[in-house]
Amino acid sequence: MIHNRDMITERPAPKSVIGPIAWLRANLFNGPINSLFTLIGLYIVYLLFVPSVQWAFINADWIGTSRDDCSREGACWVFVNARIGQFIYGLYPSEETWRANIIFAGFFALIAWLAIPRLPFKRWVAIFALVAFPVIAYVLLHGGYFGLERIPTNRWGGLMLTLLLATVGMIAALPIGIMLALGRRSDMPIVRSFCVVFIEFWRGVPLITILFMASVMLPLFLPGDMNIDRLVRALIGITLFQSAYMAEVIRGGLQAIPKGQEEAAAALGMTYWKRMGLIVLPQALKMMIPGIVNTFISLFKDTTLVMIIGLFDLLGIVQAALSDSRWLGFSLEGYVFAAFMFWVFCFSMSRYSQYLERKLHTGHRN
Amino acid sequence: MLNKKSLVLAVSTGALALASMSNAHASTLEDTLENGEVRCGVSDGLPGFSAPDDDGNWQGLDVDVCRAVAAAVLGDADAVEYVSLNAVERFTALQSGEVDVLSRNTTWTTTRDTTLGINFAGVNFYDGQGFMVNRDLGITDASELDGAAICVQAGTTTELNLADYFRANDMEFDPIVFDTSEQTVGGYQAGRCDVLTSDTSQLAALRIQLDDPDSSVVLSDVISKEPLGPSVRQGDDQWFNIVKWSLSAMLNAEEYGISSENVDDMMASEDPNIARLLGQDGNYGEGMGLEADWAYNIISQVGNYAQSYDRNVGMDSPLQIERGVNALWIDGGVQYAPPIR
């Protein structure tokens, strides 16, 4: 018997198993019916894609300052271009936008610092972001101190206002939500019933109703000389509404932690707050990331509802721009732009949450 | 439409007692002088009446009323704090003192004037339901519309007015009813009807949004009364007078031919009407707590009514709404301001 002791040299897998053609065959054309559906699908994509690209890019007008510069054959991005300042800062005076720019820069820098794991001093940066930064942002944006011109909140708007509403809503709602969730699971009857009533009330009414109450009814109940800023009213409404949702997401996470964890911690002699803060919540919060981010994203989009109480968020300012008689009839461009901006922010949040989930993954996932 | 109205009524009247209690502070004029700004409620965007321009400044016919009041009171037309209000909250905002003037294309009706605790200070635009027709049809008058197919929005007073008008004039029509105003325009554009009906100020804005605006023309006939005007809280007659006479000053200025361009030359005019308006003969601002140059400030900074009209909704604007009933009484319209003397 002859044994060939030489190894057969490695050969690449046949073309029919790997590579793009094989992939196509396996996924798109693995039978007559699937092939047919693939072709129909491609045709539909073609039907939608070609006119959109033609409208948005090929026939579009990019340069100019007024509606006369638009041929109306494709999109008129001149409109968005002329209004971009308003879409970002609202009616904030243009010579003061440097103040908003500083806050924008600080905001994104802080988020980046906290989001990128390699950077040091996370704790101090977080404390700065939560305590000092809001104060700085208020002083700089609102003015009235240190010789800065006072700019009332009804001139704030656009993307700036959307981000402000969403971030304040998110950051303020999280601790309130944690407290409510813990309260709802508590053994103390008064605390528990208060939390249940609070959550069920705020969750049971639509956000639009809350905003209307805040803007239409509340002023009538306040004494004559007392006028709470309408932005503050909206912020309080959004925060309370959001915290009720947040509480239920967090309660879901708390319930997923086996009871043994808390019992074991209790057996070690830990107090309630230590058990929660060191054992239960860290594990629970990790599992809640998809839920929390989901609530964040929905809040980010819900902020557009402030439009109905006369605040010009990103969508509101686009609509206001559309009612300028010099720019009538460019609604498609305006809405496409607003949709794109919202998509960018929501998609980034979603991607970051997926990254965070992978990073914190410690074996709870199946 | 009805629901919205009754909601406004319920909210407003229900809380009126509270609102009137809260009005017991200093006079609106004193507050305004102290703040240095007139707080003015405008719409959240209505073509030609109030909308922010490319630079973020509010522009429009309603906005000019705010600016006129600011010019009269503070001598600076830019000293206005604009609060954008939607249809539901506008009256509450006025009652609760969040704004001091409401200039938000609000129709002057009995119910609003008598039950909401507000006073209408005049009419800055006589709106009314009108018709837009295809230019090719060659129609120039609403009486020629017998037998026309008319696009109209469902469930609005527009639909009701339309039926009333045709019945009253013994004419036939074929209503093509749509749910929203976009659909109505779409139906008109697609040729489902020959005529589109809505308020004239809206027709002008809808016309621009057509693929070919020049193919259609808005008839000058109107078939309903929609007088739009600024309003103030009840209980402060001085402030009511200020707003009323700010508007009147713009109309009087047009009548006497005073515009922002020639107002400085007019200061030397011998005409007693002009001299009185511009504060050269007597001080007619005194009774309102204003300076003698109150009307001069309005005219020089905001302009007369014709200038404001042309700039915002008239022939110098994209909307191109003809003066029609909004012409002065001497020109065959109904804009008639009481004399200043």
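We name chains A, B, ... by the order of the sequence lines, and we start the count at 1 in each one. No experiment lies behind these values; they were computed from the predicted model shown.
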Report the option among [options] that has the most heavy-atom pairs separated by less than 4.5 Å from atoms of chain A.
options	answer
B:Ser43, B:Pro47, B:Gly56	B:Pro47
B:Gly48, B:Ala51, B:Pro52, B:Gly45	B:Pro52
B:Leu319, B:Val313, B:Asp53	B:Asp53

Side chain from CB out, backbone as N, CA, C, O: work out which of these in B:Tyr82 comes under 4.5 Å of a heavy atom of chain A, or both, or neither.
->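 Answer is backbone: N, CA, C or O of B:Tyr82 sit under 4.5 Å from chain A.
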Check whether B:Ile208 gets within reach of chain A through its side chain, its backbone, both or neither, counting any heavy atom under 4.5 Å.
->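 Contact with chain A: backbone and side chain both.
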Less than 4.5 Å to any heavy atom of chain B: does that hold for the side chain of [X], its backbone, both, or neither?
X	answer
A:Arg83	side chain
A:Asn154	side chain
A:Phe212	side chain
A:Ser331	neither
A:Phe330	neither
A:Gln319	neither

Determine whether the side chains of A:Ser325 and B:Ser317 contain a donor N or O and an acceptor N or O closer than 3.5 Å.
->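 No, no side-chain donor-acceptor contact under 3.5 Å.
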With a 3.5 Å cut-off and no angle check, do the side chains of B:Asp127 and B:Ser201 form a donor-acceptor pair?
->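 Judged by distance alone, the side chains do pair up.
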B:Asp44 versus B:Leu85: any side-chain heavy-atom pair under 4.5 Å?
->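 Side-chain contact under 4.5 Å: no.
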Under a 4.5 Å cut-off applied to non-hydrogen side-chain atoms, are A:Glu149 and A:Arg99 in contact?
->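 Answer yes - side chains close enough.
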Assess the pair B:Phe125 and B:Phe49: is the distance between their ring centroids shorter than 6.0 Å?
->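 Yes, close enough.
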Between A:Phe79 and A:Trp327, is the gap from one ring center to the other below 6.0 Å?
->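 Under 6.0 Å, so yes.
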Atom CG of B:Asp62 and atom OG1 of B:Thr106: how far apart are they, to the nearest 0.5 Å?
->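 Here the rounded value is 7.5 Å.
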So how far is it from A:Leu311 CG to A:Leu161 CG, rounded to the nearest 0.5 Å?
->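 A:Leu311 atom CG to A:Leu161 atom CG measures 6.0 Å (nearest 0.5 Å).
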Please determine, among A:Met307, A:Arg230, A:Arg155, the option with the most heavy-atom pairs under 4.5 Å with chain B.
->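 Most pairs with chain B among the choices: A:Arg230.
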